[in-house]
S.K.: 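Got a structure for you, questions after.
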2 protein chains.
Amino acid sequence: MPLTHHLSPVQVAEILRVHQSTVKRWVDDGTIPASKTPGGHRKIALADLLRLVRERKLPSVSVDLSVVERYSSGLDLAAQPLDTLRSNLRDAMSANYPTRVHQLLLRCFQAGMTIEQMGDDLIQPVMEEIGKAWVSGQTDVAQEHLGTSYLHAALIDLRNRLLPIDGIPRPVALGACPEGDFYSLGNLLVELLLLQNGWQVINIGPNTPAASLAHMMERQQAKLVWLTCSYLQDPERFVNECNQLHHKATELGTQLFLGGQALTTEVRRKLHYHWIGESLSQFSLAAKRLLPLSGANPQ
Amino acid sequence: MPLTHHLSPVQVAEILRVHQSTVKRWVDDGTIPASKTPGGHRKIALADLLRLVRERKLPSVSVDLSVVERYSSGLDLAAQPLDTLRSNLRDAMSANYPTRVHQLLLRCFQAGMTIEQMGDDLIQPVMEEIGKAWVSGQTDVAQEHLGTSYLHAALIDLRNRLLPIDGIPRPVALGACPEGDFYSLGNLLVELLLLQNGWQVINIGPNTPAASLAHMMERQQAKLVWLTCSYLQDPERFVNECNQLHHKATELGTQLFLGGQALTTEVRRKLHYHWIGESLSQFSLAAKRLLPLSGANPQ
DNA sequence: CCGAAAATCGTTCAATTCGATCTTTTCGCC
DNA sequence: GGCGAAAAGATCGAATTGAACGATTTTCGG
């Protein structure tokens, strides 16, 4: 059921499209975590491998998804075109079938899709469609709630899989949604993204007062603080509090990142920040620049 | 599948993800300590196996923990006194340590604790303590948010474990929090409870308009509809909508169950319902009374 | 207590992997 | 462009692991 198969160097070589000797070397020098049998055979966990691929820790390799599929115990879909995935996701969210939503995202994840891809190309468009259907009266608000909660549960499962298992200290990222904003999906995606990129993440979640966030920022010595704004209860007050936060962050040497659909052009004009953007891909790039460079970073 | 301390080579092979022949060879050459029955069958102690795994003497990058759990559940620390569990949970929620919260609840679950016990005797008291600490200014609101989100994530994982895997049709229970109520923890516990008791559950979640719930109730032919009320934005309006819901439910032969701390005595006096209560244990009993009836519901 | 079904044993043999060595490719540098 | 070092690919005998099969032991009802 759980697909944490152990692979041999030959199988991994096939997936990564490199020679088996190369895989053996990467295992021996610690690039790929693996264990050994008493007889000396290397065993590599598929989950570990895909995690490395997502983190881009492997020097410029392309993953052969069809091979991954073969080794992940009879998984079908992996390399489906995006629009098929999208319509599948929309159907699963509309039907009362939480498991299907969960499986769909899990398989994308285990096939090596990055969080920013899942967010920008899969979840974002689907949520937009559902939102339109709701506004135009084609869908009930309950149906929209329900689908969203399925998505939410699936993402929380992914988060559990992204949590670091080692005790290696990581730079701290701290984030939340502003007060009055109860929409947690986008914020959760940001959390997943940062986890994937090797941060230690503290996500306070929806409806967090700015003062409380500022206090936490100081106590945790966060390198990065983000705010996901899907809805602004009181734009003017938000602008004030956010600018105070920016001031304090600058003093502490912390970067303040902003995102979310509620930050319209008018609001942005009055805001101070260190970075602002729309897509998760942009966010990912900006956040990566804050990380101490470790290992190979080609391209 | 009894829970034993002693495993056969096949079971060990399953855990280590190697062939059973290999396990037999490792036992024979002394790599894995084992005893033998008079007839010559090898018996391997789980404790020995896990010790070797920890010492990196066996392939173990990611031991298939779900398999280990199946053989080891109920072995270690199962019956701790409740107040110890409570203080452990409070500590884990106060520290930034989501995994500890998760593990704690998971172990309670796997040790056979029911959802109503976990809710009434563990989570409810701890949340109350944290709430008091927050009101009295001892804790930051962010810390309270954070701990709650850890709890929420752990409960969602439990829900995934409770989801029915068979296709057997079950009676439908439908529920939500009223409009303006964004507190989802209690509602989630109700969902878990009903899943545990064999219902098919549709939980629309926080902030659901009563009209939308009524519509869904009709479409899904729910036998049970519940509302978890932690906060009432507009008590008078809620009373009106809830009573309309009760009327429609009665017409459809659906039972309307109410619960939550926001339903004070004054509010209750004006409400119509088929059941109301405070604890999950009471809820569980009331819901169980609806279960054996199947098919005796003429339109 | 008995008999049948399931699980395990011990053995043999094929398939895979190891480790070491060597050749080829890639990349930075002058 | 040439050159040296580092990384990647190729090869091969020895060792390890996986698979198959009849014989034996254990389990489970009646």
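Throughout, a chain's letter reflects where its sequence line sits, starting with A, and its residues are numbered from 1. Values below: every heavy atom of this structure, side chains too, minus hydrogens, waters and symmetry copies.
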S.K.: Under a plain distance cut-off of 3.5 Å, with no hydrogens placed, do B/Q196 and B/E116 share a side-chain donor-acceptor pair?
M.R.: yes
S.K.: Taking only the side-chain nitrogens and oxygens of A/H41, find out if one of them lies under 4.0 Å from OP1 or OP2 of D/dT17.
M.R.: no
S.K.: Can you list everything that forms a salt bridge (charged side-chain N to carboxylate O under 4.0 Å, His left out) with A/D121? Sequence neighbours excluded, please.
M.R.: none
S.K.: Are the ring centres of A/F283 and A/F257 closer than 6.0 Å?
M.R.: yes
S.K.: Starting at atom CG of B/D28, determine the distance to atom P of C/dT12, rounded to an integer number of angstrom.
M.R.: 14 Å
S.K.: Among D/dT11, D/dA20, D/dT17, which nucleotide sits nearest the side chain of A/T37?
M.R.: D/dT17
S.K.: Check every atom of D/dG9, D/dG18, C/dC9 against the side chain of A/H19 and return the nucleotide holding the closest atom.
M.R.: D/dG9
S.K.: Taking atom types as modelled and ignoring hydrogens, do the side chains of A/N160 and B/D157 form a donor-acceptor contact shorter than 3.5 angstrom?
M.R.: no
S.K.: With the side chain of B/W26 defined as its heavy atoms from C-beta on, choose the nearest nucleotide among D/dG9, D/dT17, C/dT17.
M.R.: D/dT17
S.K.: To the nearest Å, give me how far apart CD (B/Q11) and C1' (C/dA6) are.
M.R.: 13 Å
S.K.: Measuring from B/L104:CG to B/L151:CG, what's the distance to the nearest 0.5 Å?
M.R.: 9.5 Å
S.K.: Using whole Å, report how far NZ of A/K24 lies from C1' of C/dA20.
M.R.: 9 Å
S.K.: Once you build an axis from the first five pairs and another from the last five of the helix from C/dC1-D/dG30 to C/dC30-D/dG1, how far apart in angle are they, to 10 degrees?
M.R.: 60°
S.K.: Kindly say if B/S21 contacts the phosphate of D/dA19, meaning a side-chain N or O under 4.0 Å from OP1 or OP2.
M.R.: no
S.K.: Kindly compute the distance separating CG (B/L192) from CE (B/M118), expressed to the nearest 0.5 Å.
M.R.: 8.0 Å
S.K.: If you measure only the distance, is there a donor-acceptor pair under 3.5 Å linking the side chains of B/S35 and B/H6?
M.R.: no
S.K.: Could you give the CD-to-C1' distance, from B/Q20 to C/dG10, as a whole number of Å?
M.R.: 12 Å
S.K.: Measuring from the side chain of B/K36 (C-beta onward, heavy atoms only), which nucleotide among D/dT17, D/dG9, C/dG10 has the closest atom?
M.R.: C/dG10
S.K.: Output the rounded distance in Å from CG (B/D29) to P (D/dT17).
M.R.: 9 Å
S.K.: Whole angstroms only, please: what is the CZ-P distance between A/R17 and D/dG9?
M.R.: 13 Å
S.K.: Is A/R42 close enough to C/dT17 that one of its side-chain N or O atoms is under 4.0 Å from OP1 or OP2 there?
M.R.: no
S.K.: For B/L16 and D/dG18, give me the distance from atom CG to atom P, rounded to whole Å.
M.R.: 11 Å
S.K.: Side chain of A/T22 only, heavy atoms from C-beta on: which candidate in D/dT17, D/dA8, C/dT8 is closest?
M.R.: D/dA8
S.K.: Does a side-chain N or O from A/R25 land closer than 4.0 Å to OP1 or OP2 of D/dA8, or not?
M.R.: yes
S.K.: Expressed as a whole number of angstroms, how long is the span from A/K43:NZ to C/dT16:P?
M.R.: 13 Å
